Number of protein chains: 2
Amino acid sequence: MVTPMSPSPTPPSRTGRPRSVEAHAAILDATRAALVELGWSKLTMGDVASRAGVAKTTLYRRWANRSELVVDAVAVLFDELRLPDRGSLMADVEGVVLQFAALLDRPETKTALMAVVAESTRDEALRERIRSAIVDRQKRLVLVGRERAQARGELPYEDDPAQAARNVDMIFDVIAGAVVHRALVSAEPVDTRWARNFSLLLVSGLTAGPGAPRASSGPA
Amino acid sequence: MVTPMSPSPTPPSRTGRPRSVEAHAAILDATRAALVELGWSKLTMGDVASRAGVAKTTLYRRWANRSELVVDAVAVLFDELRLPDRGSLMADVEGVVLQFAALLDRPETKTALMAVVAESTRDEALRERIRSAIVDRQKRLVLVGRERAQARGELPYEDDPAQAARNVDMIFDVIAGAVVHRALVSAEPVDTRWARNFSLLLVSGLTAGPGAPRASSGPA
DNA sequence: GAGTTACGCTACGACCTGTAGCGAAAGAGC
DNA sequence: GCTCTTTCGCTACAGGTCGTAGCGTAACTC
């Protein structure tokens with residue numbers, strides 16, 4: 001059979017020699033190490049293989065190409081993001097902005113994230129992998145923060161669920177997009193002052209903006 | 001001498017055979033065509049050279065590598081962005097968002113922009129080229145829109161020039177970042193509804209947000 | 001034990017990068 | 001016109017990567 005790809009989700013076979021989980025972890029570790037040392041453009045499959053102590057062919061049995069491998073290697077780093085309750089929507093936003101900025105400051109993510117996104121514009125499978133491994137996983141932070149703000153009475157409850165989903169998506173794009181653009185495109189630091197100004201702008205827009213003219217509708 | 005690079009700004013020599021401007025244009029055209037057909041990752045210098053009808057060595061005499069060439073080839077597309085006066089800050093923002101989205105929808109920019117940004121995280125010269133060729137050139141739109149809004153009385157005049165510059169930079173990152181993230185990372189369409197909702201969010205935040213509690217300070 | 005699958009290894013063709021060296025072409029200055 | 005300087009197209013090249021194929025062996029299931 002020729003059923004490679006998709007390392008984690010449900011190994012497609014039950015019989016035969018199972019794929020080594022140690023090798024899996026070693027490969028992802030080696031990929032991150034190679035990203036730190038070499039960056040995206042100079043990372044090669046052969047180098048990752050020898051770092052991980054496996055054969056190059058093993059990499060190709062599990063991942064279709066560099067990009068998919070790197071997505072998996074970097075995705076776990078995004079799961080470190082947390083959203084502790086800081087008491088207000090404004091503080092919650094500021095907190096997650098600074099966390100995200102710290103994540104983007106790491107050399108692995110800095111060099112890899114934009115590269116795989118660029119690649120995904122011509123690769124539907126990769127786009128889907130990025131969405132499931134990174135994008136969708138992080139949207140939960142927006143959902144949690146929004147629900148908290150609603151419970152506090154800072155944000156109104158949304159009647160139309162479709163509109164609510166659109167709002168969540170948009171807020172996610174605004175936060176992640178602004179931080180990424182500041183950090184990688186403008187190449188300026190996302191420091192405390194920037195995070196505070198941005199959070200003020202966003203929260204002001206949210207509380208005075210879409211669907212908010214009927215301001216404090218209060219909890220439930 | 002070995003003074004290649006930087007094709008446009010001040011040819012470093014006065015004597016000798018001048019660089020062909022036709023070749024320059026042909027190369028940039030060929031680069032964009034190759035981006036459309038092949039995308040960033042499969043674009044090769046040899047292919048661009050043969051499309052442009054020049055020798056591969058000519059490319060390397062003018063650009064240090066693929067990335068710098070692609071930045072120059074794509075940068076001119078960003079100069080198409082305009083900011084016609086639509087009568088209100090909200091409408092101006094919405095207009096530029098839709099223009100920027102249309103630009104990012106073109107295959108050349110879609111595949112190239114994130115790729116060169118990714119590359120620039122490990123290449124100081126490239127970062128500077130992106131900044132001067134794309135980023136700084138587009139910030140003017142924010143400046144113009146802001147001045148117009150101030151003249152209309154929609155936004156207050158800023159006392160502190162440093163703070164004003166920070167605000168302009170932040171608004172730029174928010175707009176460009178949100179659109180890029182929506183279009184390329186989330187891979188969802190930037191349609192009229194999204195543009196309207198986003199503009200509403202941003203303008204609400206700007207008029208109710210940073211330095212705006214002292215609301216309508218009026219012109220002059 | 002039989003069957004199945006993953007593994008490490010080697011080898012390979014195809015391709016791309018970036019440079020070197022050549023003679024010829026296209027200008028500037030005299 | 002002549003000389004000097006730089007760019008041009010061309011060919012060739014070393015070095016490196018990709019992704020695959022084929023082999024014998026290892027690991028696990030039934």
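Bear in mind the structure is a predicted one, so any value in this text is a computation, not a measurement. Every chain is numbered from 1, with letters handed out A, B, ... down the list of sequences.
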Figure out the [atom1]/[atom2] separation between [X] and [N], and round it to whole Å.
X: A:D47; N: D:dC18; atom1: CG; atom2: C1'; value: 14 Å
X: B:Y60; N: D:dG9; atom1: OH; atom2: P; value: 15 Å
X: A:E22; N: C:dC7; atom1: CD; atom2: C1'; value: 13 Å
X: A:L59; N: C:dA6; atom1: CG; atom2: P; value: 15 Å
X: A:R66; N: D:dT20; atom1: CZ; atom2: P; value: 15 Å
X: A:R19; N: C:dC7; atom1: CZ; atom2: C1'; value: 11 Å
X: B:K42; N: D:dT17; atom1: NZ; atom2: C1'; value: 15 Å
X: B:W63; N: C:dG18; atom1: CH2; atom2: P; value: 15 Å

OP1 or OP2 of C:dC7 under 4.0 Å from side-chain N/O of A:S20:
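Negative; the distance criterion is not met.
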Would you mind building the protein contact string for nucleotides 23-30 of chain C? One character per nucleotide, 5' to 3', B for base within reach (heavy atoms under 4.0 Å), S for sugar-phosphate only, - for untouched.
--BBBS--
Of the listed nucleotides ([options]), which one gets closest to any side-chain atom of [X]?
X: B:R62; options: D:dC8, D:dC10, D:dC18; result: D:dC8
X: A:R61; options: D:dC18, C:dC7, C:dT19; result: C:dC7
X: A:V54; options: C:dG8, D:dC8, D:dC18; result: C:dG8

Under 4.0 Å between any heavy atoms, over every strand shown, what does A:T57 touch: base, sugar-phosphate, or nothing? Just pick one.
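Base, at least one base atom sits under 4.0 Å.
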Could you go step by step and tell me if B:R146 and B:E158 meet the side-chain contact (heavy atoms from CB on, under 4.5 Å) rule?
CA-CA 11 Å; B:R146 181 169 167 273; B:E158 182 63 56; 3.4 Å; yes
Between the base of C:dG8 and the side chain of A:K56, is one N or O donor paired with an acceptor at under 3.5 angstrom?
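Under the 3.5 Å cut-off, the side chain and the base do not form any donor-acceptor pair.
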Specify the residue among A:M45 and B:A23 whose closest nucleotide of DNA chain D lies further upstream toward the 5′ end.
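First, find each residue's nearest nucleotide; the 5'-ward one identifies B:A23.
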What pair of heavy atoms forms the shortest contact from A:A195 to A:S199, and how long is it?
O-OG, 2.6 Å
Where do A:V190 and A:L98 come nearest, in terms of heavy atoms and distance?
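Smallest heavy-atom distance, with atoms named: O-CD2, 4.0 Å.
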Roughly how far, to the nearest 0.5 Å, is CG of B:L202 from CG of B:L89?
7.0 Å
Euclidean distance, B:F198 CZ relative to B:I175 CD1, rounded to 0.5 Å:
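That separation rounds to 5.5 Å.
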Within the supplied structure, the quantity of interest is the number of heavy atoms (other residues, nucleotides, ligands) at a distance under 6.0 Å from A:R140 CZ; does it exceed 12?
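Atom CZ in A:R140 is packed in, count exceeds 12.
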Should A:N65 and A:E68 count as side-chain neighbours, where that means a heavy-atom distance under 4.5 Å?
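Side chain of A:N65 against side chain of A:E68, heavy atoms only: contact under 4.5 Å found.
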